[in-house]
**Student:** 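One structure, pasted below without further comment.
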Amino acid sequence: MDVVRPEFLPTAGLSREEMESMQRDIASAAEFTDRHSLDPASVALSETPTDRETADGSGAGTEQATFASGDADGPVVVGVDQAFRDDESVSAAVAIRDGDLVERAAGRAPLALPYIPGLLSFREGSAIVDALASLSVDPDLLVFDGSGRIHFRQAGLAAHLGVVFDTPAVGVAKNLLCGTPAESLDDPLPAGTRVAIEADDSMDAPDGTVVGYAVQTRQYPNPETRHVNPLYVSPGHRVSAASTADFVEATCTGYKLPAPTRLADRYADDLR
DNA sequence: GCGACAG
DNA sequence: ATCTTGTCGC
């Protein structure tokens, strides 16, 4: 796929002020409303991927592999995950369509920045751009590991890369970066529960704006003894908060994480 | 000044 | 994210 907004590429060597300034521009360019051709039902078809096996030559730079599959009808959902190896960041992108692994790609880039809450996309963005740019399929939806609109300046990793490629994107995080749950999340929630995450004074958005949802995709039979934490999902680009929760829920089916994310996770480990 | 903080 | 074995519960 191609970079559509090169002015927003996560460049190395920017000052903190420049990165934060760019994030405000990215937030302005991001669309937190539905503008895509997907419905939860079609996305749900991308759930039971026939895990074909690894066996890739490795090397520096990007690598890309294509897998033969059936017909080209359903939407292409791409899961993206990051891993580290020494001083370089590795990005893994896995494309799924109609439950089949269609293609996967890897990207690498040296780690220029330390981890700074709120600036994650500048630390791992280059490797992700590398991986996505080498994909030959055109994704209908990008599923990122990390926040989208749930971010101090409404420009989390999912929003940043969604805007760079002008492609529908959602962010899936295991922890909450900022914002306030509309209801307490202290007690275990039943599977299927979703609680709105509202903007608070630590964010740019008007107080109370629903910037995402805590989604309980899975839960154990007896949460009293052992429980699963919810996922924190938020719009990246061209997807509303409600649709984001719908898509994520549709791709989890019995697991805590979306299938595209699980596959990207596994591929990232293989690369590392 | 104090506290909070995706991966 | 990463460093790491066994262990508890379904």
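Note that the structure is predicted; figures quoted are calculated from it, not measured. Here is how names work: the chains are called A, B, and so on, in the same order as the sequence lines, proteins then strands, and each is numbered from 1.
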**Student:** Hey, is the main chain of A/A92 close enough, under 3.5 Å, to the side chain of A/D81 for a donor-acceptor pair?
**Tutor:**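 No, because the side chain of A/D81 does not come within donor-acceptor range (under 3.5 Å) of the backbone of A/A92.
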**Student:** Has the side chain of A/E31 got a donor or acceptor atom that lies under 3.5 Å from a matching backbone atom of A/T33?
**Tutor:**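 Absent.
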**Student:** One thing to verify: whether A/D145 and A/K174 come together as a salt bridge, which I'm taking to mean a side-chain N less than 4.0 angstrom from a carboxylate O.
**Tutor:**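 Looking at A/K174 and A/D145, the cut-off is met.
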**Student:** When you check the gap from the basic side-chain N to the acidic O, do A/R153 and A/D25 get nearer than 4.0 Å?
**Tutor:**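 No.
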**Student:** Not counting sequence neighbours, which residues clear side chain to side chain donor-acceptor pair (under 3.5 Å) with A/D187? List them please.
**Tutor:**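 Side chain to side chain donor-acceptor pair (under 3.5 Å) list for A/D187, sorted by chain: empty.
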**Student:** Ring centroids only, cut at 6.0 angstrom: are A/H36 and A/F247 within range, meaning strictly under it?
**Tutor:**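 Centroid distance A/H36-A/F247: below 6.0 Å, so yes.
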**Student:** Can you list the stems that include DNA chain B, where a stem is three or more consecutive Watson-Crick or G-U pairs with distances under 3.5 Å?
**Tutor:**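 Looking at DNA chain B, no stem of three or more consecutive pairs is formed.
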**Student:** For this output row, return yes or no: ring centroids of A/H160 and A/F122 closer than 6.0 angstrom.
**Tutor:**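 So the answer is yes for these two rings.
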**Student:** With heavy atoms under 4.0 Å as the rule, sort A/R272 into base, sugar-phosphate or nothing.
**Tutor:**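 Answer is sugar-phosphate: A/R272 comes under 4.0 Å of backbone atoms only.
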**Student:** Between A/D269 and A/R272, does any side-chain N to carboxylate O distance fall below 4.0 Å?
**Tutor:**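 Here A/D269 pairs with A/R272 in a salt bridge, since their nearest N and O are under 4.0 Å apart.
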**Student:** Judged by atom type as modelled, is there a donor-acceptor pair below 3.5 Å linking the side chain of A/T11 to the main-chain atoms of A/L9?
**Tutor:**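 Side chain of A/T11 to backbone of A/L9, a donor-acceptor pair under 3.5 Å: yes, one is there.
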**Student:** Mind listing the closest non-hydrogen atom pair of A/Q23 and A/S121 along with its distance?
**Tutor:**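 Minimum heavy-atom separation between A/Q23 and A/S121: NE2-OG, 4.4 Å.
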**Student:** I'd like to know if the side chain of A/E20 and the backbone of A/E17 have a donor-acceptor N/O pair within less than 3.5 Å.
**Tutor:**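 No: the side chain of A/E20 does not pair with the backbone of A/E17.
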**Student:** Return the value, rounded to whole Å, for the distance between atom CG of A/D87 and atom P of C/dT2.
**Tutor:**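 After rounding, the reported distance stands at 14 Å.
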**Student:** How would you give the extent of chain A contacts on DNA chain B, as first and last nucleotide 5' to 3' within a 4.0 Å heavy-atom cut-off?
**Tutor:**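 On DNA chain B, the outermost contacted nucleotides are B/dC5 to B/dG7.
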**Student:** Decide whether a cation-pi geometry holds between A/R262 and A/Y267; the criteria are a distance under 6.0 Å from NZ or CZ to the six-membered ring centre and an angle within 45° of the ring axis.
**Tutor:**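 No, a cation-pi geometry is absent between A/R262 and A/Y267.
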**Student:** Listing time: all N or O pairs from protein to nucleotides 4-10 of chain C that are below 3.5 Å?
**Tutor:**
none

**Student:** Pairing of DNA chain C as dot-bracket, 5' to 3': ( ) intra-strand, [ ] crossing, | other strand, . unpaired, with Watson-Crick or G-U pairs under 3.5 Å?
**Tutor:** ..........
**Student:** How would you list, by chain and number, every residue that makes a side chain to side chain donor-acceptor pair (under 3.5 Å) with A/R85, sequence neighbours excluded?
**Tutor:**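 Counting only residues at least two positions away or on another chain, A/R85 forms a side chain to side chain donor-acceptor pair (under 3.5 Å) with A/E88.
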**Student:** Just call it for A/G171: base, sugar-phosphate, or nothing, with non-hydrogen atoms closer than 4.0 Å on any strand.
**Tutor:**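 Nothing: the residue A/G171, judged by heavy atoms under 4.0 Å, touches no strand.
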**Student:** Just call it for A/L111: base, sugar-phosphate, or nothing, with non-hydrogen atoms closer than 4.0 Å on any strand.
**Tutor:**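 If one applies the 4.0 Å heavy-atom cut-off, A/L111 turns out to touch nothing in the nucleic acid.
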**Student:** Without decimals, in angstroms, what is the distance between A/R85 CZ and C/dA1 P?
**Tutor:**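 About 18 Å, once rounded to whole Å.
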